[in-house]
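Notes follow once the structure below has been shown.
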Amino acid sequence: MRLVSFEIDGRRNYGIVREDRVHEATSAFRASYPDLRSALTERNAAEIEVEPKGRDLADVILLSPIPNPDKIICVGLNYANHIKETGREKPKYPSIFTRYPSSVLGSGVPLLKPACSDEFDYEGELAVIIGKAGRNIRASQAKDYILGYSCFNDGTIRDFQRHTTQFWSGKSFDDTGSMGPWIVTADQLPNPENEHLRTILNGREVQTTPIADLAFSIGEIIEYVSTVTRLLPGDVIATGTPGGVGRFRMPPLYMFEGDRIDVEITGIGMLSNPIAAAN
């Protein structure tokens with residue numbers, strides 16, 4: 001099952017993608033569950049009631065599949081080749097930071113390069129979406145708490161990231177990251193570690209890696225994070241980016257107005273965004 005949130009005719013809705021058509025949640029179902037997060041909090045994804053007649057996917061504006069998560073947890077330094085290019089050692093524990101929901105858009109809409117920086121970088125990642133609340137989850141039980149998976153672009157303003165040892169300022173500019181195009185439910189992707197991630201900038205492959213190369217596994221990340229905070233349905237965990245980011249290329253490679261950035265993961269699809277200038 002592929003779950004989406006979208007905008008059409010000036011209103012927001014959510015639903016299921018079948019082939020290339022979006023079947024939106026019925027008005028009766030939305031009366032009880034106005035957004036996908038609320039539906040997932042109280043119902044299983046398979047229980048979402050949708051209209052039998054679908055709309056063309058091209059007719060809707062895709063939002064981040066979970067536009068209003070309680071939290072977005074991001075993992076830094078989580079592929080060996082990225083750790084190597086930064087000149088650091090593998091962390092003893094997952095390197096965790098957060099993003100704000102206002103910084104994450106859907107597929108097909110422009111990411112906004114801020115006027116204050118010319119160091120707008122890409123980071124293709126696998127996102128894990130939580131489907132069941134839990135605390136102190138063992139790594140071996142983590143899959144029981146996963147709703148599904150999506151593509152994620154942890155768009156980063158590098159010079160702001162380097163202002164302090166904290167990543168927040170470089171990671172939370174409004175409209176600089178994206179997730180999508182949808183959530184593929186875990187029953188359709190039982191072994192995401194078997195998939196492959198690519199990031200493509202203007203048609204040029206700039207990142208490529210098997211998901212199996214994660215330094216900390218999905219289960220280990222969920223165990224660590226859930227030790228600190230209770231995970232809730234709709235929470236997003238971005239699991240880290242591989243080597244090849246723009247900052248560590250010679251010369252550095254950043255994104256500017258008119259560019260296009262794609263994150264593709266086999267078994268999920270492609271998250272694609274043009275780059276525009278922020279007002």
Side-chain angles (χ1 to χ4, degrees), residues 1-6 16-20 36 45 57 62-66 69 72-82 94 99 104-109 111 121-131 142-143 146-156 176-222 234-246 255 260-274:
M1 184 181 297
R2 294 179 292 172
L3 304 173
V4 290
S5 294
F6 59 92
I16 297 169
V17 175
R18 295 172 179 154
E19 296 181 348
D20 289 326
L36 185 54
L57 187 59
L62 291 175
L63 307 173
S64 173
I66 307 288
I72 301 174
I73 303 291
C74 301
V75 185
L77 301 174
N78 203 27
Y79 282 91
N81 54 5
H82 182 49
R99 288 188 75 116
V104 180
L105 303 173
S107 186
V109 298
L111 303 183
D121 207 347
Y122 52 83
E123 291 193 7
E125 309 194 12
L126 171 73
V128 176
I129 296 84
I130 299 299
K143 285 192 174 182
I146 295 172
L147 168 70
Y149 307 93
S150 192
C151 304
F152 197 90
N153 186 350
D154 188 29
T156 303
T176 54
S178 57
M179 186 169 82
W182 39 62
I183 298 167
V184 173
T185 52
D187 60 318
Q188 299 296 309
L189 197 68
N191 297 300
E193 298 88 353
N194 294 342
E195 306 303 331
H196 195 97
L197 179 151
R198 297 195 310 146
T199 306
I200 302 112
L201 178 61
N202 298 328
R204 170 190 174 189
E205 182 180 272
V206 290
Q207 293 182 294
T208 180
T209 189
I211 302 297
D213 282 352
L214 285 170
F216 294 98
S217 70
I218 293 168
E220 289 170 329
I221 295 166
I222 288 176
D235 283 355
V236 176
I237 301 176
T239 57
T241 200
V245 298
M255 299 185 294
R260 175 169 292 276
I261 188 71
D262 304 317
V263 178
E264 181 182 50
I265 301 177
T266 56
I268 298 176
M270 181 177 285
L271 168 68
S272 184
N273 299 95

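Among all heavy-atom pairs drawn from Arg198 and Thr208, the shortest one is CG-OG1, 4.0 Å. Smallest separation of non-hydrogen atoms from Glu125 and Gly240: OE1-N, 2.8 Å. When all heavy atoms are compared, the tightest approach of Leu271 to Met179 is CD1-C, 3.7 Å.
Looking at Thr241, its side chain does come within 3.5 Å of a backbone N or O of Gly124 through a donor-acceptor pair. Between the side chain of Tyr122 and the backbone N or O of Gly246, at least one donor-acceptor pair lies under 3.5 Å. Between the side chain of Glu264 and the backbone N or O of Met270 there is no donor-acceptor pair closer than 3.5 Å. Formation of a donor-acceptor pair under 3.5 Å by the Thr239 side chain with backbone atoms of Leu126 is found in this model. When atom types are taken as modelled, the side chain of Asn202 and the backbone of Arg260 share a donor-acceptor pair closer than 3.5 angstrom. The main-chain N or O of Pro190 is found under 3.5 Å from a side-chain atom of Lys143 such that the two form a donor-acceptor pair. At least one donor-acceptor pair under 3.5 Å links the side chain of Glu220 to the backbone N or O of Ser217. Checking side-chain atoms of Arg2 against main-chain N and O of Glu19 turns up a donor-acceptor pair under 3.5 Å. Using a distance-only test at 3.5 Å, with no hydrogens or angles considered, a donor-acceptor pair links the side chain of Asn273 to the main chain of Gly106. A distance-only check finds a donor-acceptor pair linking the side chain of Ser107 to the backbone of Ser272 [under 3.5 Å].
Thr176 has its side chain within reach of Arg99: a pair of non-hydrogen atoms, C-beta onward, lies under 4.5 Å apart. Side-chain contact between Ile222 and Phe216 is absent, with no heavy atoms from C-beta onward closer than 4.5 Å. For the pair Ile183 and Tyr149, the minimum side-chain heavy-atom distance is 4.5 Å or more. A 4.5 Å side-chain heavy-atom check between Pro242 and Leu197 finds at least one atom pair inside the cut-off. Using a 4.5 Å heavy-atom cutoff, the side chains of Val236 and Val104 are not in contact.
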(request) Apply the test side chain to side chain contact (heavy atoms under 4.5 Å, CB included) to residues Glu195 and Ile268: give CA-CA distance (whole Å), side-chain angles for both, the deciding distance (0.1 Å), then the verdict. (result) CA-CA 9 Å; Glu195 306 303 331; Ile268 298 176; over 6 Å; no
(message) Determine whether Ile221 and Asn78 satisfy the following criterion, side chain to side chain contact (heavy atoms under 4.5 Å, CB included), listing intermediate values before the conclusion.
(response) CA-CA 10 Å; Ile221 295 166; Asn78 203 27; 3.5 Å; yes
(request) I would like to know whether Leu36 and Ile66 meet side chain to side chain contact (heavy atoms under 4.5 Å, CB included); could you show each step before the answer? (result) CA-CA 7 Å; Leu36 185 54; Ile66 307 288; 3.9 Å; yes
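Around CG of Asp187, the count of heavy atoms belonging to other residues, nucleotides or ligands within 6.0 Å exceeds 12.
Once rounded to the nearest 0.5 Å, the distance linking SG of Cys151 with CH2 of Trp182 reads 9.0 Å.
Among Val245, Ile200, Leu201, the one residue that satisfies the side chain to side chain contact (heavy atoms under 4.5 Å, CB included) test with Gln207 is Val245. Among the candidates Leu3, Ile16, Ile129, Ile146, the single residue satisfying the side chain to side chain contact (heavy atoms under 4.5 Å, CB included) test with Thr185 is Leu3.
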